Amino acid sequence: MIFSTLSKASLALLAASILLVLLAPQEAEAHSWASCIDWRFKSTKNPSWSDKNGECAGYARRFPLGKSFAGLDSDDPNRHYQQSHKNPSPENSLACSNGKQGEEPGADETMGKPVTSAYNGRDKRGRKTGQMTITKAGGQLCIRWPAKNHAVKDEKNRPVTIALSGVNPTKDPTQKEFLKNIVANLNYKNCTDKGSNTDIWPCGGCFKLPANLKTGYYVMQWRWLLNSNEFYTSCADINVKA
Ligand SMILES: *[C@@H]1O[C@H](CO)[C@@H](O)[C@H](O)[C@H]1NC(C)=O
């Protein structure tokens with residue numbers, strides 16, 4: 001009697017563990033985007049990319065405010081735009097998402113008309129959007145992104161590149177044009193606040209803009225390589241003032 005009760009219990013346990021394995025969330029193949037273009041650290045002694053240790057003073061185009069830091073890949077539309085890698089090649093693929101093209105179309109990050117209309121307004125779903133980055137020639141910018149599980153040890157550390165357009169462009173540069181003017185290479189795995197959830201580690205990089213920039217608007221592209229031909233981009237305008 002005891003024996004059969006025990007084996008029933010162990011059977012139930014076995015079934016439960018099989019179910020658990022089947023239902024466990026798969027390691028999410030999640031992708032990243034620039035969550036802030038002008039991150040300001042609260043403390044310069046102990047700089048950190050987490051919400052509680054800084055604030056964002058400039059965003060990518062039509063960036064919805066008030067959403068959780070690492071959650072915009074499951075937003076509608078999602079914030080990670082993966083460029084086409086079949087035909088055309090990555091060098092020719094659309095630089096800033098138009099919401100339609102790409103391996104994974106993202107949110108609409110094309111240039112606003114006027115440029116400022118992609119900021120301090122509302123997105124298509126009526127949500128408030130962030131402000132544009134205001135900076136100066138030679139100024140430092142710190143850009144933030146969520147790790148999305150890709151900053152852990154066994155992931156290859158692939159670069160983030162920052163590229164700039166010419167001054168006051170009337171349309172977005174092509175990817176080829178951006179590739180001719182890369183102004184910084186950032187370390188994807190430069191993360192802080194590394195808790196047990198590797199998806200939401202906050203990461204980022206700081207760099208100085210070229211000192212010879214004329215005042216005006218520029219398009220800046222954040223571009224990250226995941227796997228051999230998967231490029232993700234975010235686009236922002238920056239206002240370079242005297
Ligand atoms: C790495 O992150 C820290 C903040 O923790 C920042 O101060 C530093 O500039 C970053 N390093 C690079 C090379 O971007």
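First listed ligand is number 1; within each ligand, the first listed atom is number 1. Side chains are part of it too, since the values below use all heavy atoms of this structure and drop only hydrogens, waters and symmetry mates. Values in this document were obtained by computation on a predicted structure and should not be read as measured data.
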Note to self: For Asp199, is there any backbone N or O sitting under 3.5 Å from a side-chain donor or acceptor partner on Asn149?
What the structure shows: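 Confirmed, Asn149 side chain pairs with Asp199 backbone.
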With a 4.0 Å heavy-atom cut-off (strictly under), which part of Trp49 contacts ligand 1: side chain, backbone, both or neither?
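Only the side chain of Trp49 comes within reach of ligand 1.
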Short check: is a protein heavy atom less than 4.0 Å from atom 13 (C) of ligand 1?
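Under 4.0 Å from atom 13 (C) of ligand 1, zero protein heavy atoms found.
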Might you work through the salt bridge (charged side-chain N to carboxylate O under 4.0 Å, His left out) test for Arg127 and Asp75, ending with a clear yes or no? CA-CA 12 Å; Arg127 301 174 301 181; Asp75 195 40; 2.8 Å; yes
(Q) For atom 7 (O) of ligand 1, what's the nearest protein heavy-atom neighbour? Residue, atom name and distance, please. (A)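 Here the closest protein heavy atom is Pro47 CG, 3.6 Å.
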Exercise. Looking only at protein heavy atoms, which one is nearest to atom 10 (C) of ligand 1, and how far off is it?
Worked result: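 Protein heavy atom at minimum distance: Asn190 ND2, 2.5 Å.
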Q. Hey, would you say the His31 and Trp224 ring centroids sit under 6.0 Å apart?
A.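 Centroid separation for His31 and Trp224: 6.0 Å or greater.
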Check: Are Trp49 and Phe41 near enough that their ring centres are under 6.0 Å apart?
Finding: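 Between Phe41 and Trp49, which both carry aromatic rings, the centre distance is below 6.0 Å.
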Distance-only side-chain donor-acceptor flag, Glu103 / Gln83, under 3.5 Å: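 The criterion, which ignores hydrogens and geometry beyond distance, is not satisfied for Gln83 and Glu103.
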_Against the six-membered ring of Trp33, is Arg79 placed for a cation-pi contact (under 6.0 Å from the centre, within 45° of the normal)?_
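That pair does not qualify as a cation-pi contact.
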Contact atoms of ligand 1, heavy-atom distance to [X] under 4.0 Å:
X      : result
Cys206 : 9 (O), 14 (O)
Thr192 : 5 (O)
Gly205 : 14 (O)

